[in-house]
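The first residue in the sequence is number 1, and the count goes up from there.
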Amino acid sequence: MTGVQVVVLGAGVVGLSTAVCIAESLPVCSVTLLAEKFSPDTTSDGAAGIVFAAPFPDIPLERQRRWFKDSFDHLLAIAQSQHSPDAGVILSSGWQIFKEVPATKKPYWSDLVIGFRVMTDRELKRFPDHKFGQAFTTVKCECSSYLPWLEERFRKAGGRVEQRRVSSLQELGDGFDLVVNCSGLGSKTLVGDAGVYPVRGQVLQVEAPWLTHFIRDGDGKTYIYPGVHSVTIGGTRQEGDWRLHVDEGDSASILERCGRLEPSLKKAKVLGEWVGLRPSRRNPRVERERVLLPGRRGVPVVHNYGHGGWGVTIAWGTALDALGLVRQCLKEMPGAKL
């Protein structure tokens with residue numbers, strides 16, 4: 001068999017990362033990226049894209065560490081290369097602060113970012129409502145630049161792009177030998193996964209070029225992330241909320257909360273507001289199965305979705321895992337030569 005036909009469903013940060021990994025690593029595969037929405041219209045495009053994580057409950061910590069490390073190292077290499085401006089990947093230093101001392105003072109990724117340390121009492125004086133903090137340098141990935149950059153990289157590797165809506169795997173017919181499902185929230189209907197649910201996020205883009213350090217409240221609801229062209233401030237974490245329109249009450253709350261952490265934001269001009277639905281699940285699904293499609297015995301399907309608010313943080317790591325699963329599928333295909 002030559003030219004194994006692979007389709008990757010979904011063109012957010014997870015889908016594009018996975019498509020690039022397969023196209024660049026497996027020349028035997030002819031890869032098509034198929035999605036209803038591409039940048040700038042994906043959920044990933046509005047993500048603040050700063051890299052750190054909260055643990056998932058049922059995935060071995062070593063696997064999560066690998067996902068984080070592979071993604072961090074990949075993005076750090078871009079941030080330190082000539083591609084940084086085009087890809088929108090930069091280094092970002094700042095603080096994560098907590099109103100109460102957390103049970104885990106050093107998260108599992110503390111040795112994988114740069115210069116992680118506990119904040120001093122003097123530093124914490126700036127945040128009188130908070131009792132504990134962490135200072136570190138990580139990477140920030142602005143998907144409005146990163147996704148088009150990845151798509152170009154995918155095309156250079158021979159990948160094809162097709163824009164259309166797919167409501168079920170059965171619609172794919174017999175056009176592909178292997179399916180890679182990175183459809184995020186779409187997996188709720190595409191593969192009938194009742195465990196997938198939206199977590200609504202609303203953010204504002206403001207003009208505040210004097211801000212150079214990120215600030216994140218440990219509860220994940222209030223944050224200030226300086227970027228290349230603007231500062232992202234947020235946010236909301238509204239589970240099961242499908243609303244995609246801007247809520248003025250949420251905007252006022254974001255401005256008030258962020259203004260308490262960083263009073264100079266009262267001088268910032270609001271450039272825009274954005275709402276997105278994080279594709280959440282108790283744990284990301286990165287595994288394979290065989291699915292019966294019309295007129296066929298069973299097609300291998302590799303799943304890579306359900307990253308919630310940590311898509312940018314672990315996308316490259318889970319993409320490499322998905323690549324490994326694709327390799328396993330190819331080894332079981334008669335006549336496929338790796």
Exercise for the section: In plain terms, say whether R165 and E171 are close enough for a salt bridge, that is, a side-chain N and a carboxylate O under 4.0 Å apart. Expected result: no
Exercise for the section: Can you label the angle between the W95 ring and the H213 ring as parallel, tilted or perpendicular, going by 30° and 60°? Expected result: parallel
Exercise for the section: Please confirm whether F127 and F98 have ring centers closer than 6.0 angstrom. Expected result: no
Handout entry: Interatomic distance, M119 atom CE to I97 atom CD1 [nearest 0.5 angstrom]
Key = 6.5 Å
Practice task
Enumerate the residue pairs fulfilling salt bridge (charged side-chain N to carboxylate O under 4.0 Å, His left out) with a member in residues 89-107, sequence neighbours excluded, ordered by first and then second residue.
Solution key: K99-D217, E100-K131
Exercise for the section: For E207 and S230, test the side chains for any donor-to-acceptor distance below 3.5 angstrom and give the result as yes or no. Expected result: no
Fill in the blank from the handout: Taken to the nearest 0.5 Å, the spacing of D241 CG from R278 CZ works out to 11.0 Å
Problem - Test item: side-chain donor near acceptor, D45 and T42, under 3.5 Å - result: yes
Exercise for the section: Check whether the side chains of T32 and Q5 place a donor and an acceptor atom closer than 3.5 Å, and report yes or no. Expected result: no
Problem - Side-chain H-bond candidate by donor/acceptor type, E262 with S264, under 3.5 Å - result: yes
Fill in the blank from the handout: d(R281 CZ, H307 NE2) to nearest 0.5 Å is 11.0 Å
Handout entry: No-hydrogen, no-angle side-chain donor-acceptor test under 3.5 Å, T18 and N304
Key = yes
